[in-house]
Amino acid sequence: MSGSNSYRLRCSLAAHEMDVRGLAAAAYPDGAFVSVSRDRTARVWVPNPSENQVFTEMHCMNGHSDFVSCVCIIDPNETYPRGLIATGGHDNNICVFSLDRPDPLFTLKGHKNTVCTLSAGKFGTILSGSWDTTAKVWLGEKCMMTLQGHTAAVWAVVILPEQGLMLSGSADKTIKLWKAGHCENTYTGHEDCVRGLAVINEVEFLSCSNDASIRRWMVTGECVQVYYSHTNYIYSLAVFPNGQDFISTGEDRTLRVWRKGECSQTIRLPAQSVWCCCILPDGDIAVGASDGVIRVFTESEERVASAQDLQAFEDELSKAIIDPKTGDLGDIKIEDLPGREHLNEPGNRDGQTRLIKEGSNVEAYQWSVSDGRWVKIGDVVGGSSQQNSKRVMYEGKEYDFVFSIDVNEGGPGLKLPYNVTDDPWLTAHNFLQKNELSPMFLDQVANFIIENSKGHTLGPAPATSTDPFTGAGRYIPGSGSGDQGFAADPFTGAGRYIPESGGSTGTVSSGGADPFTGGSAYSSSSLPKATTNIFFPSTDGVMFEQANSTQILGKLRELNNTAPADRKLSDAALDCLQKLLLVVTDLKSQEQPTAEQINVLWRTSHWPEDIVFPVLDILRLAVRHPEVNAQLCGGTEGASLCNHLLGLMSPESRPANQMLALRILCNCFSGSHGRALLLGHRDTVLSRAGDLRVVSNKNIHVALATLVLNYAGRLYGQPTEIEAKAQCLSVASTALEVVHDKEAVFRLLVALGTTVAGDSTAKDLARSLGVNSQISKYARVSDPAKVGECCRLVLDELQ
């Protein structure tokens, strides 16, 4: 170890779309490491020379047909001077990779169940352990021997420095020492499954277990020390080069650093299962968790993350939901808890946990020796009578229940989220499909859900026939809906007019019978399961068309009555705006907007920002009309309109005005003058629009995504516009980092697909930006189904 400082976050890598199950420091290049995941991939990460804290994905390897569970590094030799990478998986196979190609050099077959642990020795030897209760020794492409003796899954193996000695740890609670294929010794003492092994030196090793203990053993058989600190299963261990200090991770959300036989530091993570860890050559620590993120921690001040990233990590941690039933809080009782004043007293040790009452909530804090303060590590649910009615947060979404379904021997159950409004059979089907479990479990899982959610009243069933963009029935201009425009809004008051409220998230300009052209309602349940792509390229443009003219005009008159005297509109001006609105929202009207009406609209759009939004809503609808589009978007007027909207989109502007300005820009694409205007000002418009991604407002995010999509549609089929496409990719990519609303995510995915479709250069650019790994987490989204299906099609484009 490099010193006695505390470890702090170096970086967080959104590395995989599913759990990171194994990590190993790589032989090449310097400072690199390898990760494997349930998403079936292995990835090599290298330090980024331009950013001292960050790692970059250098290489992605695919070869398993199911989850990848473990990884080890085979030392360099004359044939492979950069070493080899071996991975074991749920498909019962071991794949061996080089750094030169993404597919395996060869595959080792022989185990009859999941290969869950690997260790490499000298001369290219590989030792594997499996749920089939055996360990196997491999050399080259052949199995040299099978080690039989355990009565349950072999969860851990390691090759000792002394040639020919090997260890295996099992769910049968024992550890066995093997020599030349024969069991030389059996170590007993753990009270539950043995999950990890680590070599200290030639005569000592460590083991960890589901019994929440770590044991230090002599090879001769004596247990010389037992370490306690974890409060749940311990999954992995790694020993520092000094041969004394080590680290451990487990199901209690923690990484723990052990120095001189004591737990000297506890680092909590915002993920339930911290599956694996490894120590990098520079002494830094990498850990992988159930949220698909790899986090690297360092003692070096030079490599510590920025203050912004450290705060983001702490904020993410503070939002965690902790269930006392998981054992995360150890034996702490939460009845009769003290208040916030309890945090005025310093902690006794690093990682000490305290619970306090904050109103009707219970919050958990952990003492940080390095910071000298209590750091919030999450909110506790289910810990008091007040908490029992709280919904449970899982993967960023609230549920009535999050069940644990036990399918892995000796391990924690898979999470199954469920709302009482869901169909238990459909939920069970989706759970089995997501986790690639046999459909024969359908009845068992569905009945489990029904039995464990009894006594809860079902709410109304959700609508089934929806449009892919709006999530509702397609809006037909002029049809009117009494429900449109009514809701509680911070700008206009409850039950009053809201600019484009509710389901009005934009409709597609009318055309053929296609979900993107508005010819028919769209149902996610009717999506083709084949590779048919109904999502992109999307070139017709997406418009925000729904409105309630009566409510808009009513709000306009109300605000006009309170407007400053010098800004009040005359009755004639109000009449102009009313006639204009009626003309542009009635497709059957033979009337044309007059120059006077358009001039009044333009002047009124410069009203004070606190009252201008109903005028902007009229402008949003008006620019769809060819005459208004030509008058306001053409010539010098177009530049003035663009600058005015950019001003409304400034960071200090009101969110309602920012949203409406974005929607006006989207609707400008309905006419040739508007399209020409926006393509001419593309750089400025997309830059300003992209800045609004940080505003926490889903309507703004949907409008931003729609604007990017409309730009992508105009650029489709134009391979020479690579600079413009690069900006679309960049804005969409950065927006996806912060956008959570599924409709906005969907539109950004369609924009990405449209941008790269049929353009090899754009595809290369998207790959270089890491779009594949960034969006891969959406590939399994099933609610709504269009998100997952569109994501998979984009990923196919980028293969």
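Nothing fancy with the numbering, it's 1 onward along the sequence.
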Report task. Identify the residue among L621, N699, D617, N667 that makes a side chain to side chain contact (heavy atoms under 4.5 Å, CB included) with F544. Result -> N667
Query - Sub-4.5 Å side-chain heavy-atom contact between P270 and F313 - result: yes
Query raised in the report: For the side chain of Y711 and the backbone of L678, is there at least one donor-acceptor N/O pair under 3.5 Å apart?
Result: yes
Requested in this report: Please confirm whether F535 and F746 have ring centers closer than 6.0 angstrom.
Outcome: yes
Requested in this report: Applying side-chain contact (heavy atoms from CB on, under 4.5 Å), name anything that partners V781, two or more places apart in sequence or on another chain.
Outcome: K742, Y778, V787
Query raised in the report: Say you draw a straight line from CG of L798 to OG of S776; how long is it, rounded to the nearest 0.5 Å?
Result: 11.0 Å
Report task. Determine the minimum heavy-atom distance between I700 and P655, stating which atoms define it. Result -> CD1-O, 3.7 Å
Query raised in the report: Going by heavy atoms in the side chains, are H625 and Q592 under 4.5 Å from each other?
Result: yes
Requested in this report: Measure from the side-chain N and O atoms of R624 to the backbone N and O of V584, and report whether any donor-acceptor pair falls under 3.5 Å.
Outcome: yes
Query raised in the report: Do side-chain atoms of S650 reach the backbone of G647 as a donor and acceptor pair under 3.5 angstrom?
Result: yes
**Report entry** Minimal non-hydrogen separation, A712 against T754, with atom names
**Finding:** O-CG2, 3.6 Å
Query - Side-chain heavy atoms of L619 within contact of L660, under 4.5 Å - result: no
Query raised in the report: Between I618 and L556, is any pair of side-chain heavy atoms under 4.5 Å apart?
Result: yes
Report task. Answer yes when E316 and R295 have at least one side-chain N-carboxylate O distance shorter than 4.0 Å, and no when they do not. Result -> yes
**Report entry** Atom of A762, atom of L729 and distance for their closest heavy-atom approach
**Finding:** O-CD1, 3.8 Å
Query raised in the report: Just by modelled atom types, is the I664 backbone N or O under 3.5 Å from a matching donor or acceptor in the R620 side chain?
Result: no
Report task. Quick one: pull up CD in E558 and CD1 in I611 and give me the separation to the nearest 0.5 Å. Result -> 11.0 Å
Requested in this report: Any pair with a residue in residues 560-584 that passes salt bridge (charged side-chain N to carboxylate O under 4.0 Å, His left out), sequence neighbours left out, goes on the list, sorted by first then second residue, please.
Outcome: D575-K579
Query raised in the report: What is the minimum heavy-atom distance between R693 and H701, and which atoms define it?
Result: O-NE2, 2.9 Å
Query raised in the report: Are any of the side-chain heavy atoms of R603 and N599 separated by less than 4.5 Å?
Result: yes
**Report entry** Set of residues satisfying salt bridge (Lys or Arg N to Asp or Glu O under 4.0 Å) with respect to R780, sequence neighbours excluded
**Finding:** E436
Query - Result of checking M649, M659, Q658 against V695 for side chain to side chain contact (heavy atoms under 4.5 Å, CB included) - result: Q658
Report summary line: Separation between CZ (F613) and CG (L648), nearest 0.5 Å, reads 13.5 Å
Query raised in the report: Rounded to the nearest 0.5 Å, how far does CG of L707 lie from CZ of R747?
Result: 11.5 Å
Query raised in the report: Which atom pair, heavy atoms only, marks the closest approach of A779 to L795?
Result: CB-CD1, 4.1 Å
Query - CD (Q308) with more than 12 external heavy atoms under 6.0 Å - result: no
Query - F536 side chain near V756 side chain, heavy-atom distance below 4.5 Å - result: no
Query raised in the report: How about R557 and Q578: do any of their side-chain heavy atoms sit closer than 4.5 Å?
Result: yes
Query - Spacing of CD belonging to E721 relative to CD belonging to Q727, to within rounding of 0.5 Å - result: 11.5 Å
**Report entry** Greater than 12 external heavy atoms within 6.0 Å of E591's CD
**Finding:** no
Report summary line: Sorted by chain and number, sequence neighbours left out, salt bridge (Lys or Arg N to Asp or Glu O under 4.0 Å) with E627 holds for none
Query raised in the report: Does the side chain of C666 come within less than 4.5 Å of V542's, by heavy atoms?
Result: no
Report summary line: Sequence neighbours excluded, the answer for salt bridge (Lys or Arg N to Asp or Glu O under 4.0 Å) partners of D315 is none
Query raised in the report: For Q311, does the CD atom have more than 12 heavy-atom neighbours from other residues, nucleotides or ligands under 6.0 Å away?
Result: yes
Report task. Any chance you could lay out the side-chain contact (heavy atoms from CB on, under 4.5 Å) test for R340 and W374, step after step, and finish with the verdict? Result -> CA-CA 11 Å; R340 183 166 292 276; W374 293 97; over 6 Å; no
Please list every donor-acceptor pair under 3.5 Å in which a side-chain atom of residues 637-644 meets a protein atom from a residue at least two apart or in another chain.
| from | atom 1 | to | atom 2 | distance (Å) |
| --- | --- | --- | --- | --- |
| S640 | OG | T636 | O | 3.3 |
| N643 | ND2 | A639 | O | 3.2 |
| H644 | NE2 | S605 | O | 2.9 |

Query raised in the report: At what distance, to the nearest 0.5 angstrom, does CD of E545 lie from OG of S670?
Result: 8.0 Å
